[in-house]
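Here is the structure we will look at.
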Amino acid sequence: MTRDHCLEWISYLAETPSSATGKPLGVISRKQRISGLSQLFRETAAWQYDDVPGYALITAGDAPKAPQRVPRFIPDHELDQLMPVIDELACLFQRAALLALRWSGARRDEIRRLPLDCLDRYPDGTPRLRLLARKTYKERTVPIHQDAADALQMVIGLRKQGQDRPLVDERTGEQIRYLFVRYGKLISSATCSRSPCRRSAKRWAWSARAAGTAKNAAPSQPTASGTRWEHSSPNAVPSCTPS
């Protein structure tokens, strides 16, 4: 066996569909196979086996590069353009959800399932958010900005005016009065956390057409790429009124 044989095998992995999926192996799977073969060469050389090359014919440099992960945060210059659009939202539910996501770093489903008593304060007066037990089966609290606390407090005030029944948590079996409830049902994650920037661009474009300036292209709007809350369609969100 020579190095050319190994390089042909690496090309074969990248081009030949697998029997399981009908597609070529992904980057991670190819890296694992190449690493295993490279380790085999090193160990057989160290054990001084007969009929082996006696050295590694391929190294880590022959493996494909791992794909670059999407950043887990929004760049500051995009965030500065996004926050004014969130502040102008007419839907108090969506505005509170987006601000809670912005300042807590919680998952979309964690925000969607916030209980009615989710907001309190640390002894020094800093607002804190109580997140229900989900993936780890443990409750946790996180500090949040005063802007998010004010938005959540407005929704809490509206929800306390209603007399809706509590809902049953499918994981714990407890009856909980959730914060983001509409018509007796939990508001969807898409409604709570859809990015408003695309809708803002749509409104601007339609206004331009109505004013007879459709030939002017609408300016590009920032998107919340890389966050947990930009995975839905850009359709308009219905008005979220308390139940």
Side-chain angles (χ1 to χ4, degrees), residues 70-74 78-79 82-122 126-160 162 164 166-172 174-199 222-243:
V70 176
R72 297 177 61 87
F73 60 91
I74 309 177
E78 293 185 3
L79 191 61
L82 178 65
M83 294 309 297
V85 182
I86 294 177
D87 292 336
E88 295 175 359
L89 287 174
C91 177
L92 298 180
F93 282 72
Q94 190 189 25
R95 181 174 178 272
L98 287 171
L99 286 174
L101 283 166
R102 159 71 175 90
W103 292 109
S104 68
R107 299 178 178 87
R108 288 196 308 173
D109 193 59
E110 288 179 323
I111 296 299
R112 174 177 174 250
R113 295 180 179 274
L114 285 175
L116 196 58
D117 58 349
C118 63
L119 190 64
D120 58 7
R121 294 183 179 274
Y122 289 101
T126 302
R128 66 180 176 184
L129 193 63
R130 182 169 70 90
L131 301 173
L132 292 178
R134 299 300 297 168
K135 186 175 181 179
T136 61
Y137 293 92
K138 294 182 179 179
E139 287 191 358
R140 60 191 180 97
T141 57
V142 293
I144 58 173
H145 195 273
Q146 187 62 48
D147 290 347
D150 293 341
L152 288 170
Q153 191 61 56
M154 294 180 65
V155 177
I156 292 172
L158 290 174
R159 291 282 293 110
K160 285 184 176 180
D164 57 289
L167 302 178
V168 178
D169 190 317
E170 68 274 10
R171 300 192 70 177
T172 63
E174 299 179 2
Q175 291 190 343
I176 302 173
R177 286 195 69 190
Y178 291 106
L179 179 60
F180 294 104
V181 172
R182 186 186 182 210
Y183 303 131
K185 296 182 179 180
L186 275 173
I187 296 176
S188 67
S189 298
T191 301
C192 275
S193 57
R194 182 176 295 149
S195 172
C197 289
R198 293 183 180 178
R199 296 189 1 260
T223 59
S225 176
T227 68
R228 299 186 181 92
W229 33 282
E230 180 53 28
H231 299 287
S232 55
S233 64
N235 297 331
V237 178
S239 176
C240 298
T241 55
S243 57

Let me see the working for Leu132 and Glu139 under side-chain contact (heavy atoms from CB on, under 4.5 Å), right down to the final yes or no.
-> CA-CA 5 Å; Leu132 292 178; Glu139 287 191 358; 3.8 Å; yes
Return the minimal non-hydrogen interatomic distance between [X] and [Y], and the atom names on each side.
X      : Y      : answer
Ala106 : Leu101 : O-CD2, 3.4 Å
Gln146 : Pro127 : OE1-CG, 3.3 Å
Tyr122 : Val142 : OH-C, 3.9 Å
Val181 : Phe93  : O-CE2, 3.9 Å

To the nearest 0.5 Å, how far apart are [atom1] in [X] and [atom2] in [Y]?
X      : Y      : atom1 : atom2 : value
Ile187 : Cys91  : CD1   : SG    : 6.5 Å
Leu186 : Leu179 : CG    : CG    : 10.0 Å
Leu79  : Arg102 : CG    : CZ    : 4.5 Å
Ile156 : Leu119 : CD1   : CG    : 5.0 Å
Arg113 : Cys118 : CZ    : SG    : 14.5 Å
Trp103 : Leu98  : CH2   : CG    : 13.5 Å

Applying side-chain contact (heavy atoms from CB on, under 4.5 Å), run through Met83 and Leu99 and close with a yes or a no. CA-CA 9 Å; Met83 294 309 297; Leu99 286 174; 3.5 Å; yes
Mind checking what makes salt bridge (Lys or Arg N to Asp or Glu O under 4.0 Å) contact with [X], not counting sequence neighbours?
X      : result
Asp117 : Arg130
Asp147 : none
Arg121 : none

query = For Thr141, which residues count as a side chain to side chain donor-acceptor pair (under 3.5 Å) partner, sequence neighbours excluded?
reply =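 Expected list: none.
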Practice item. Sequence neighbours left out, what passes side chain to side chain donor-acceptor pair (under 3.5 Å) with Arg95? Give chain and number order. Key: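 Counting only residues at least two positions away or on another chain, Arg95 forms no side chain to side chain donor-acceptor pair (under 3.5 Å).
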*Could you go through the side-chain contact (heavy atoms from CB on, under 4.5 Å) check for Ile111 and Leu129 one step at a time?*
CA-CA 10 Å; Ile111 296 299; Leu129 193 63; 4.1 Å; yes
For this session: Quick one: list whatever passes side-chain contact (heavy atoms from CB on, under 4.5 Å) with Met154, sequence neighbours left out.
Result: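 Testing Met154 for side-chain contact (heavy atoms from CB on, under 4.5 Å), a comparison that skips the adjacent residues, returns Leu92.
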